[in-house]
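Notes to accompany the following structure.
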Amino acid sequence: MTRPRILITETLGQEGIDMLREVADVDAYDLLPKEQLPEILGDYDAVIIRSAHRLPREVLMNRPRLKVVARAGSGVDNVDLKACTEFGIAVVNAPGANAIAAAEQAFGHMLTILRNIHLGDAHVREGGWNRKKFLGGELHDRRLGIIGFGKVGREAARIAHGFRMTVYAYDPFVSDEIFQAHNVTRIDSLEELMPVSDILTLHTPKSGPQIGMDLLSRLPKGAIVVNVARGGMIDEAALAELLDMGHLLGVGLDVFSQEPPPKDFPLFRHPRAVLTPHLGGSTQEAMTGVAVMTAKGVIAALQGQTPPNIVNVPVPPLTPDEFGILDEGARVVGRIFAQMNKTLTVPLVLTLKGPIAKNAIPWLKQTVIAAVLSEQLDGRVNAVNALIKAEEQGLKLLVEEAGPNQAPALSLRLEGHSETTTEVVLDNHVPRLRRINGIAMDLPWPKNALMTVHNDAPGVVGKVGTLVGQYNINIGNLHLGRDEKAHQALMILSLDQTAPEELVRDLKQIPEIRQVFVF
Ligand SMILES: NC(=O)c1ccc[n+]([C@@H]2O[C@H](COP(=O)([O-])OP(=O)(O)OC[C@H]3O[C@@H](n4cnc5c(N)ncnc54)[C@H](O)[C@@H]3O)[C@@H](O)[C@H]2O)c1
Ligand SMILES: O=C(O)[C@H](O)COP(=O)(O)O
């Protein structure tokens with residue numbers, strides 16, 4: 001099998017590059033010229049970008065080789081997620097891996113402004129020693145207003161408590177329990193947050209609120225505004241005006257509506273604006289954490305797995321063991337069902353038995369649909385584009401939940417046709433096939449399975465075994481099931497290798513054999 005090719009367009013921690021090089025050919029740039037990305041992207045299976053590059057729809061389309069887009073960092077606003085989902089391209093990022101770095105950067109800005117560090121430094125370099133001129137203020141006892149109480153916002157709150165600040169936050173998407181657990185007062189509107197924020201710090205995605213003159217002028221006189229999240233959310237001209245008026249004490253920006261900012265950027269002229277070139281995630285520690293998490297996600301996605309840091313599949317927060325068995329079970333039940341039922345004109349019913357987490361249902365649906373449709377359609381079908389493909393095909397999947405006190409299991413059938421039921425039990429590390437097309441079975445699902453559907457007649461097992469032996473393939477296990485009414489039997493062989501096409505062709509020559517499937 002040819003090794004996948006991975007393109008890295010910006011500096012990535014060496015630990016991540018080393019991991020990727022174990023499984024792929026990697027071309028790593030410190031900064032690929034922007035215009036070159038569209039020219040070479042088609043030659044790669046995966047691309048890893050940071051904030052310098054953009055991947056809009058027109059760059060992503062018609063790239064049959066591209067399977068994974070990785071944002072080595074947190075914000076995926078520079079990737080067209082909708083287009084990736086449509087094209088079945090997995091998007092992964094490194095959520096939280098640079099959250100401490102970003103939160104600490106925000107406090108770097110706050111302290112620099114409050115203690116005049118940048119001004120004092122310049123003064124000393126010029127030979128000055130005027131201590132009175134640089135009288136500062138303390139974080140202690142100041143009120144911090146946080147917009148966006150996610151990973152970075154919560155780190156900022158933890159640091160703020162260390163400085164003994166009072167912390168308020170606005171985030172309508174976070175539960176009261178989270179606010180309480182972090183000892184932070186919930187504020188329900190931006191209008192109410194502003195007057196209690198001696199320091200305002202932003203930690204939302206780029207799609208977060210727009211903060212203009214109207215809101216900024218509600219901050220107390222002498223307030224500080226810090227943005228290490230994304231540019232374009234705060235009106236930069238309004239910040240300059242409020243600094244000029246003396247309403248704001250200082251402004252700290254790590255991100256800008258245009259990066260780098262243009263020559264006439266309104267805050268360049270202001271000494272109390274502290275500006276850094278998008279350094280929030282740029283610490284040794286964060287670079288390593290981001291690189292490793294990104295590399296793991298890219299490798300898993302290239303191998304057809306669903307990594308926990310995939311952005312465009314609703315992965316539930318389960319332990320790796322819980323996730324692994326459900327994922328495997330969903331794929332097995334979907335694939336077997338699709339092999340046995342080629343016409344899917346009525347809705348499919350997925351029954352969840354036992355204690356299967358409710359928040360896993362959307363992802364399970366997508367995984368099962370992908371498993372079913374990938375057996376039936378050419379081209380790329382995966383959990384990323386499963387819903388789009390299902391709609392194109394007119395395929396409906398209904399979900400029903402059976403009692404939580406049963407053994408955990410997934411079963412799939414055509415609505416109104418219990419004889420089509422395929423069921424796998426999930427109570428161990430390997431899914432156990434319990435029913436296939438209504439026929440009872442009991443076997444741990446093997447890695448290389450060969451299945452025959454044949455007439456329920458004597459001698460078939462021997463004929464199949466002999467033929468497999470002639471191909472010098474070892475049979476690890478053999479399981480039989482039968483539907484006496486239909487005079488039909490099933491045989492599932494666990495082989496030491498995948499059955500070659502020639503073997504399948506020869507098996508189909510045996511008169512009693514009706515169908516042969518390779519999994
Ligand atoms: N400067 C840097 O180098 C740097 C480094 C890391 C992260 N970031 C940026 O920081 C931001 C936060 O990152 P994170 O990892 O904490 O993300 P996150 O997804 O963990 O948290 C974002 C929070 O914002 C909240 N939110 C969304 N829309 C909102 C709205 N309209 N009003 C209020 N809250 C809203 C969400 O509910 C969520 O809790 C992102 O924009 C990320 O790209 C920048
Ligand atoms: O979203 C992020 O992770 C930060 O903005 C960091 O961006 P960077 O990878 O370009 O440093």
Side-chain angles (χ1 to χ4, degrees), residues 8-13 16 30-32 34 48-54 70-79 81 91-109 145-159 168-179 182 184 186-194 197 200-211 215 226-234 252-257 259-260 274-291 293-294 309 311 317:
I8 303 173
T9 63
E10 254 186 277
T11 312
L12 187 74
D30 273 342
L31 185 60
L32 178 75
K34 284 183 194 168
I48 301 177
I49 63 167
R50 288 180 53 193
S51 56
H53 293 89
R54 302 195 67 75
R71 164 59 166 105
S74 160
V76 285
D77 44 279
N78 48 347
V79 177
L81 291 180
V91 180
V92 300
N93 70 343
N98 58 15
I100 291 175
E104 289 186 1
Q105 175 84 359
F107 279 82
H109 279 264
I146 299 175
I147 305 180
F149 201 45
K151 288 175 279 297
V152 182
R154 289 173 215 179
E155 287 300 341
R158 286 188 194 105
I159 298 171
Y168 301 90
Y170 166 74
D171 190 328
F173 310 109
V174 166
S175 71
D176 286 341
E177 289 71 31
I178 302 268
F179 278 85
H182 289 81
V184 168
R186 167 175 224 133
I187 301 288
D188 289 326
S189 71
L190 287 170
E191 287 73 13
E192 289 166 283
L193 182 71
M194 298 295 152
S197 301
L200 180 74
T201 184
L202 254 78
H203 300 291
T204 67
K206 197 175 174 65
S207 55
Q210 288 296 314
I211 304 186
L215 284 169
V226 172
N227 184 8
V228 302
R230 277 293 175 271
M233 293 193 286
I234 307 190
L253 298 182
D254 187 48
V255 289
F256 303 84
S257 52
E259 293 182 6
V274 174
L275 312 174
T276 47
H278 205 138
L279 292 179
S282 295
T283 63
Q284 287 288 349
E285 297 84 345
M287 289 287 281
T288 301
V290 162
M293 196 188 282
T294 305
N309 52 333
V311 174

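Note that ligands are numbered from 1 as they come in the structure, with each ligand's atoms numbered from 1 the same way. It should be emphasised that the depicted structure is a prediction, and the values quoted were computed from it without experimental measurement.
Within 6.0 Å of atom NZ in K34, 12 or fewer heavy atoms from other residues, nucleotides or ligands are found, so the atom counts as exposed in its surroundings. With a 6.0 Å radius and a threshold of 12 heavy atoms from other residues, nucleotides or ligands, L215 has its CG atom above the threshold.
Protein heavy atom at the shortest distance from atom 10 (O) of ligand 2 is S51 OG, 2.3 Å. At the shortest separation from atom 28 (N) of ligand 1 among protein heavy atoms lies F173 CE1, 3.5 Å. For atom 12 (C) of ligand 1, the nearest protein heavy atom (residue, atom name, distance) is H203 O, 3.3 Å. In this structure, atom 19 (O) of ligand 1 lies nearest to the protein heavy atom K151 NZ, 4.1 Å. Closest to atom 9 (C) of ligand 1 among all protein heavy atoms lies A229 O, 3.5 Å. Ranking protein heavy atoms by distance to atom 11 (O) of ligand 2, first place goes to R50 NH2, 2.8 Å. Counting protein heavy atoms only, atom 1 (O) of ligand 2 is closest to R230 NH2, 2.6 Å. The protein non-hydrogen atom at the shortest distance from atom 41 (O) of ligand 1 is T204 O, 2.7 Å. Ranking protein heavy atoms by distance to atom 21 (O) of ligand 1, first place goes to G150 CA, 3.3 Å. Of the protein's heavy atoms, Y170 CE2, 3.5 Å lies nearest to atom 32 (N) of ligand 1.
To the nearest 0.5 Å, the span separating CD1 on I48 from CD on E10 amounts to 11.5 Å. Here N78 contributes atom CG and I49 contributes atom CD1; the two are 4.0 Å apart, rounded to the nearest 0.5 Å. Between T204 atom OG1 and F173 atom CZ the span is 10.0 Å, to the nearest 0.5 Å. Distance OG1/T276 to CZ/F256: 6.0 Å, rounded to 0.5 Å. The line from CG of L193 to CD1 of I211 is 8.5 Å long, rounded to the nearest 0.5 Å.
With atom 44 (C) of ligand 1 as the reference point, the heavy atom nearest to it among V228, V152, V76 is part of V228. Closest heavy-atom approach to atom 37 (O) of ligand 1 among the candidates D254, I178, D171: D171.
A distance-only check finds no donor-acceptor pair linking the side chain of S74 to the backbone of A94 [under 3.5 Å]. Checking side-chain atoms of N227 against main-chain N and O of R230 turns up a donor-acceptor pair under 3.5 Å. Without hydrogens or angle criteria, H53 side chain to L32 main chain gives a donor-acceptor distance under 3.5 Å. Side-chain atoms of Q105 never come within 3.5 Å of backbone atoms of V228 as a donor-acceptor pair (strictly under, hydrogens ignored). Remark: side-chain polar atoms of N309 are not paired, donor with acceptor, to backbone N or O of V92 under 3.5 angstrom. Of the possible donor and acceptor atoms, none in the side chain of R50 sits under 3.5 Å from a partner among the backbone N and O of G73. Within the 3.5 Å criterion, the main-chain N or O of F149 finds a donor-acceptor partner in the side chain of D171. Between the side chain of D77 and the backbone N or O of K206, no donor-acceptor pair lies under 3.5 Å.
Using a 4.0 angstrom heavy-atom cutoff, P95 does not count as in contact with ligand 1. Distances shorter than 4.0 angstrom do not occur between any heavy atom of A99 and any atom of ligand 1. Between A72 and ligand 2 there is a heavy-atom distance shorter than 4.0 Å. Note on ligand 1: S207 sits outside its first shell, no heavy atom being nearer than 4.0 Å.
Listed by atom number, the atoms of ligand 2 under 4.0 Å from G73 heavy atoms are 3 (O). In the vicinity of G75, heavy-atom distances shorter than 4.0 Å reach the ligand 1 atoms 43 (O). The distance from ligand 1 to the heavy atoms of P209 drops below 4.0 Å at these ligand atoms: 30 (C), 31 (N), 32 (N). Interface atoms of ligand 1 facing R230, defined by a heavy-atom separation under 4.0 Å, are 9 (C), 41 (O), 43 (O), 44 (C). For ligand 1 and A102, the ligand atoms under 4.0 Å from any heavy atom of the residue are 5 (C), 6 (C). Less than 4.0 angstrom separates some heavy atom of S74 from each of these atoms of ligand 1: 7 (C), 13 (O), 15 (O), 42 (C), 43 (O). Atoms of ligand 1 lying under 4.0 Å from at least one heavy atom of H278, given by number and element, are 1 (N), 2 (C), 3 (O). Annotation for ligand 2: atoms under 4.0 Å from non-hydrogen atoms of H278 are 4 (C), 5 (O), 6 (C), 7 (O). Counting the atoms of ligand 2 from 1 in the order shown, those under 4.0 Å from a heavy atom of S74 are 1 (O), 2 (C), 3 (O).
Between the side chains of S51 and E259, no donor-acceptor pair of N or O atoms lies under 3.5 Å.
At a heavy-atom cutoff of 4.0 Å, ligand 1 is contacted by no atom of A101, backbone or side chain. When heavy-atom distances to ligand 1 are checked against a 4.0 Å cut-off, F149 comes that close only through its backbone atoms N, CA, C and O. Counting heavy atoms under 4.0 Å from ligand 1, residue V174 touches it through the side chain alone. Residue contacts with ligand 2, taken as heavy atom pairs separated by less than 4.0 Å, involve N98 solely via side-chain atoms from C-beta onward. At a 4.0 Å heavy-atom cut-off, ligand 1 touches P205 through backbone and side chain alike.
For ligand 2, the polar-atom distance check against E10 finds no nitrogen or oxygen pair separated by under 3.5 Å. Polar contact check, N98 against ligand 1: no nitrogen or oxygen pair lies under 3.5 Å apart. Residue contacts with ligand 2: R71 is placed with a nitrogen or oxygen under 3.5 Å of a nitrogen or oxygen of the ligand (distance criterion only). Residue-to-ligand polar distances place G75 within reach of ligand 2: an N/O pair is separated by less than 3.5 Å. Where the criterion is an N or O separation shorter than 3.5 Å, residue side chain and backbone included, G281 meets it with respect to ligand 1.
Evaluated for a side-chain contact (heavy atoms from CB on, under 4.5 Å) with Y168, the options V184, I187, I147, I146 yield exactly one hit, I187. For the pairing with I100, the side-chain contact (heavy atoms from CB on, under 4.5 Å) check across E285, R158, E155 returns one residue only, E155.
Contact annotation: the side chain of T11 approaches that of M287 to within less than 4.5 Å [non-hydrogen atoms, C-beta and beyond].
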Steps toward side-chain contact (heavy atoms from CB on, under 4.5 Å) verdict (R154, I178):
CA-CA 9 Å; R154 289 173 215 179; I178 302 268; 3.5 Å; yes

